[in-house]
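Here the structure is laid out as structure tokens; the discussion comes afterwards.
Quick note: residue numbers are just sequence positions, from 1.
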Amino acid sequence: MQEEFFSTEHLKADLKGRSVRGGAVTVGAQAARFLLQMGSTMVLARLLTPEDYGLIAMVTAITGFLTMCKDMGLSMATVQRDQISHAQISTLFWINVLLSIAMMLVTAGLAPVIAWFYGKPELIWITLVLAGSFVFVGLTVQHQALLRRQMRFGSLALIQIGSLLAGIATAVVVAFSGGGYWALVLMQLATAAATAVGVWIVCDWRPRLPVRRSGVRKMLAFGGNVTAFNVMNYFARNADNLLIGKFCGPGPLGLYSKAYSLLMMPITQVTAPIAAVAIPGLSRLQNDPEQYKRYYYRAINIIAWTTMPIVIMLAALSEEVIRVLLGHQWIGAASIFRVLAFAALLQPVVNPVGWVYVTLGQTDRMMHWGLIAVPIICLAFAIGLPWGAIGVATTYMICSLTVLTFPCLWWAFRYSPISVIKWFGAIRCPLLVSLVVYGVVRVLKSQFHSDNQLWIVLLPASLGLGAFAIVVAAWPNARIEVGRAVGLLKCLRSSHGA
């Protein structure tokens, strides 16, 4: 029965259990994806050049915002709504398909403009081929949303891993064959195609013809606000790539974009599975403020304990991490990597303000925040541009940590059960512990001299972990919070095993 994809009443009886089991599967899948991505990064970074990565970043910096429009936020609307119908989802499906076709045509039309803007003729064919991926994405939006709505995270995990394998295999074969940047282009296309095939096999819901007056107007308004924010946010997140590519060239852009993507890789492994579980869970609790805020604070605390020590350790060992993972040709990315790591210290716990907007149906306020934040971020990029990629990274870090964080939190939590003060309370212990670990690792690293870069990474990192354990053991609040996080991880492991 296809109607089983629409009702969520059966989920509420065991929401905590489903969240734990879903978290277990999603964390396991993210770990597998992380290993695959890290392995492919190490291989492809040695087969390709910074210029190859820079060419792809030039295209995606301009066309990537169109990816936000192909969804129109309608997947979130499907997940968030209490009640949906077959007619509504069918209508949304066809809207997504038409949008994806439109985005493909717009992207193809932009190909000569992009090549002219950067002065790189090869960008025409790169853009034309990447445009084809939009069609596959449009075919998957509502199927994936229905799987998330039903909290079928195991099915989603299998699809993600399978499609990633298909993309990586394609890229490695092309790179070994001397295909250069085409390895990265075809990897994106193969991943999108494999995802489309996977969701249609796993989710047996099939769309009917669109229905007029099916009640999708409110869903379109909800999704429109999400899309407006995502487009603005994407532009802010990629204006740095646009400016560096235009004024500094593909080499510096390749270093900058690779430093950013390498840093975000471990962060995403933590935040993505938690967000995948938290958004459906919080959506089901939107009418229960007490449970809602307990759920939210616990999620933020877990994110802080699992991301802040990782990010601060990467900042402390930036040169060694770049040499070991990417090779000596990428050493120019090390200083950029360190600065971006400090900028990303609070990002994993600030970004979940989006959960509040989405799950409480306040996406109009999220759009309004984007109108405030995006110009400030772009101005920060422009201020740092005369000093090159490192200047852009530095001004972004200063802006992110000192100018935007508190206003972002205040605006997001203003009409919600969440308190800014209690939010800071949820991250206080992991933040202070992580800063102590940074100082310890930097001091220890300065005492070691060796030609073996792997040894220089492992020894200070191990001692840094020891310092982390000592500080946690000596601080009662930290000890309690870590104990709770470990308890949840044990539940995840036992549920995953079951």
Side-chain angles (χ1 to χ4, degrees), residues 30 34 37 64 68 229-230 232-241 256-276 278-279 296-297 299-316 318 321 333 336-358 366 369-370 372-374 376-381 384 389-390 392-413 418 420 423-435 437-438:
Q30 282 296 120
F34 174 75
Q37 289 173 338
M68 306 295 106
F229 174 80
N230 285 342
M232 290 185 290
N233 187 58
Y234 186 89
F235 182 77
R237 297 298 182 189
N238 287 272
D240 49 355
N241 291 330
Y256 183 90
S257 62
K258 178 53 67 176
Y260 182 83
S261 63
L262 184 62
L263 174 65
M264 293 307 296
M265 196 180 297
I267 295 175
T268 303
Q269 309 316 307
V270 176
T271 57
I274 294 177
I279 291 177
Y296 190 86
Y297 293 140
I300 293 299
N301 184 253
I302 291 172
I303 290 174
W305 277 114
T306 49
T307 61
M308 287 181 175
I310 294 173
V311 170
I312 213 69
M313 196 84 74
L314 291 174
S318 57
V321 168
I336 300 171
F337 184 82
R338 184 188 307 112
V339 173
L340 289 175
F342 278 104
L345 184 59
L346 293 181
Q347 183 176 328
V349 289
V350 172
N351 284 350
V353 299
W355 303 355
V356 177
Y357 292 125
V358 170
M366 180 167 66
W369 171 251
I372 298 169
V374 168
I376 296 174
I377 294 173
C378 293
L379 178 61
F381 290 149
I390 186 65
V392 171
T394 301
T395 51
Y396 171 67
M397 175 193 69
I398 295 171
C399 175
S400 176
L401 295 179
T402 64
V403 178
L404 290 177
T405 296
F406 181 79
C408 174
L409 297 171
W410 174 80
W411 183 262
F413 299 157
I418 310 303
V420 175
W423 180 92
F424 275 108
I427 72 164
R428 178 173 59 101
C429 288
L431 177 60
L432 293 176
V433 169
S434 297
L435 292 176
V437 169
Y438 177 80

- Task: Check side chain to side chain donor-acceptor pair (under 3.5 Å) between Y297 and all other residues, then give those that pass, not counting sequence neighbours.
- Result: none
- Residues passing the ring-ring contact (aromatic ring centres under 6.0 Å, His included) test with F342, sequence neighbours excluded, are Y438
- Task: Compare every heavy atom of A412 with every heavy atom of V356, then report the nearest pair and how far apart it is.
- Result: CG1-O, 3.8 Å
- Query: Under the side chain to side chain donor-acceptor pair (under 3.5 Å) test, which residues partner Q347, sequence neighbours left out?
  - Reply: none
- Message: Between F424 and L431, is there a side-chain heavy-atom distance shorter than 4.5 Å?
- Response: no
- Item | I302 CD1 to T271 OG1 distance, which is reported to the nearest 0.5 Å | 13.5 Å
- Query: Where do Y296 and P352 come nearest, in terms of heavy atoms and distance?
  - Reply: OH-O, 3.0 Å
- For P309, side chain to side chain contact (heavy atoms under 4.5 Å, CB included) partners two or more places apart: S434, F468
- Message: According to side chain to side chain contact (heavy atoms under 4.5 Å, CB included), who are the partners of A299, at least two apart in sequence or on a separate chain?
- Response: I274, W355
- Verdict with supporting geometry, I427 and L346, side-chain contact (heavy atoms from CB on, under 4.5 Å): CA-CA 9 Å; I427 72 164; L346 293 181; 4.0 Å; yes
- Message: Restricting to side chain to side chain donor-acceptor pair (under 3.5 Å), what partner residues turn up for T395, sequence neighbours left out?
- Response: none
- Decide yes or no for F229 and V374: does some side-chain heavy atom of the first lie under 4.5 Å from some side-chain heavy atom of the second? no
- Shortest non-hydrogen pair, P348 vs A344, comes out as CD-O, 2.9 Å
- Item | Minimum heavy-atom distance L345-L435, with the two atoms named | CD2-CD2, 4.3 Å
- What residue pairs, at least two apart or across chains, pass salt bridge (charged side-chain N to carboxylate O under 4.0 Å, His left out) with a residue in residues 337-355? E319-R338
- Heavy-atom donor-acceptor pair, D240 side chain to F381 backbone, under 3.5 Å: no
- Kindly give the heavy-atom pair with the smallest separation between I336 and A393, and that separation in Å. CG2-CB, 4.3 Å
- Item | Any residue meeting side chain to side chain contact (heavy atoms under 4.5 Å, CB included) with A333, in chain and number order, not counting sequence neighbours | L255, A259, I322
For residues 397-411, dump all side-chain donor-acceptor pairs below 3.5 Å to protein atoms at least two apart in sequence or in another chain.
unit_1 : atom_1 : unit_2 : atom_2 : d
T402   : OG1    : I398   : O      : 2.5
T405   : OG1    : S400   : O      : 2.8
W411   : NE1    : R365   : O      : 2.9

- Query: Mind checking whether I303 and M308 have side chains closer than 4.5 Å, heavy atoms only?
  - Reply: no
- Task: For residues A426 and N301, report the shortest heavy-atom separation together with the two atoms involved.
- Result: O-ND2, 2.7 Å
- Can you list the residues that meet the side chain to side chain contact (heavy atoms under 4.5 Å, CB included) rule with I310, with sequence neighbours excluded? P266, L314
- Query: Hey, what's the ring geometry for W423 with F413, parallel, tilted or perpendicular (30° and 60° as the breaks)?
  - Reply: tilted
